[in-house]
Amino acid sequence: MTHLNTRCVHVKTPEVPAGRPLTAPLYQTSGFAFTDPAVFADGMANPDGAPVYSRMGNPTVRALEDTVAELEGGQAGFATGSGMGAINSVLLTLLSSGDHVIAQRSLYGGAFASFENLAHRWGIEVSYVSGPAEARQALRPNTKLLYAETISNPMVEVADLPGMFAVGREAGLINVVDNTFATPLLCRPIEQGADVVVHSTTKYLGGHSDVLGGVAVFADADLHRELWPELVEIGASADPFAAWLTLRGVQTLALRMRQHCESAQFIAERLAEHPAVRAVHYPGLPSHPGHELARKLLTGNGGVLTFDLGSRAAGLAFVQAIRLASLGPSLGGVETLALHPASTSHRQLTDEQLRAVGIGEGVIRVSIGIEDPDDIWADLDQALPA
Ligand SMILES: *Cc1c(COP(=O)(O)O)cnc(C)c1O
């Protein structure tokens, strides 16, 4: 097997009889026409059949699914229109009312909102935990699924995936993890015991802030096959053009991740020395509680860091003073982006919940881009309080 960075470049391409296209062609079609009704019927019933209708299967989308599945070490993928599409498609096809879920306490705001919805509207109980010991204590006879994020949003906590998944495995749960912040280049959670890995490909996999998408990768092709009829009926399937743009992004993922990690380390170290900064959260800093775990679990510390300016006023003044970096949502693109989580990405949390996951009023999240790191620092430095 070639290295992961090589496999990123050599994305999957659909089979054609003669020469192979160098990169995946865009099949911008909602469906396909047949001469043989049996082939048509098989394609509607079988995830490995001929592509029939693009909500159920499309060669460009399939190329993305197969590419990410292979990078993650999984057997099959299902690409969606957004990361939330992937998360909700997985949760809605795996859970039934009356089930219990154990979810990591520190979660992406949208994932947290989905769990709250499942609890209030669909009778699915959710316990929020920090780490394997709490996960074990939370187990109930009706626990079905365990949910974690490799590197959490926004406080960049590193999850003890081996510990969490061992608890899940022993109890017969389905282990699901959001690997958006790490990407398969920094961590391959299936090797740690994950059954399903979800991504917002809007972030690093796409990498250029020009496309929305998500993907769920299944460690076992049988689980994918079992869920597939429902996954395609939910209707969150990826559009071929979005999949095509994402594949183009994946080809440079390894180069971009190397720069994101290197520059984030550089910026984190400078922020840590700045008198106006109360605390810097980045797994690459020895002061980070997940530093040792990150060294074992990750091959790099990612491109996102957060820091605390102590008050909402200082945080909001900072995001208004940045010039090279932009104030805006999302992360994982080539350009540096900053936001104030308490008022935007994590607005779904109450003040008490924000405190519980450590998102202070003065916390700023920065997604470090691939601009020259000296230029990024010059901008952040001029925006910090003197
Ligand atoms: C952005 C994000 C999502 C949601 O993805 P969308 O593509 O915006 O739907 C899920 N998980 C994490 C960790 C994210 O950063």
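Ligands are counted one by one from 1 in listed order, and the atoms in each one are counted from 1 as well.
Taking the centre of each ring, Tyr108 and Phe115 stay at or above the 6.0 Å mark. Between Tyr128 and Phe112, the ring center distance clears the sub-6.0 Å criterion.
Short contacts between ligand 1 and Ser82, defined as distances under 4.0 Å to a heavy atom of the residue, involve ligand atoms 7 (O), 9 (O). Residue Gly213 approaches ligand 1 through these ligand atoms, each under 4.0 Å from one of its heavy atoms: 7 (O). Within ligand 1, counting atoms from 1 as listed, the ones closer than 4.0 Å to a heavy atom of Asn153 are 15 (O).
Protein heavy atom closest to atom 6 (P) of ligand 1, with residue, atom name and distance, is Gly83 N, 3.3 Å. Of the protein's heavy atoms, Met84 N, 2.8 Å lies nearest to atom 9 (O) of ligand 1. Given atom 13 (C) of ligand 1, the protein heavy atom at minimum distance is Asp178 OD2, 3.3 Å. Nearest protein neighbour of atom 2 (C) of ligand 1, counting heavy atoms only, is Lys203 NZ, 2.4 Å.
Nearest heavy atom pair, residue Gln75 against residue Ala221, reads OE1-N, 2.7 Å. Closest non-hydrogen pair, Glu361 versus His340, comes out as O-NE2, 2.5 Å.
If you check each of Tyr204, Tyr108, Phe181 against atom 4 (C) of ligand 1, the one with the closest non-hydrogen atom is Tyr108.
Classified by interplanar angle (parallel below 30°, tilted 30° to 60°, perpendicular above 60°), the ring pair His260/Tyr204 is perpendicular.
The shortest N or O to N or O distance between Ser200 and ligand 1 is under 3.5 Å.
If you look at Ile87 next to ligand 1, the close heavy atoms, those under 4.0 Å, all belong to the side chain.
For the side-chain contact (heavy atoms from CB on, under 4.5 Å) test with Leu146, the passing option among Asn175, Val177, Val101 is Asn175; the others fail.
Contact between Ala86 and ligand 1 is absent, with no heavy atom of the residue lying under 4.0 Å from the ligand. The closest approach between Thr201 and ligand 1 stays at or above 4.0 Å for every heavy atom of the residue.
Residues Leu91 and Ile87 have side chains in contact (heavy-atom distance under 4.5 Å, counting atoms from C-beta outward). Within the 4.5 Å cutoff, the side chain of Leu223 has heavy atoms near those of the Leu94 side chain.
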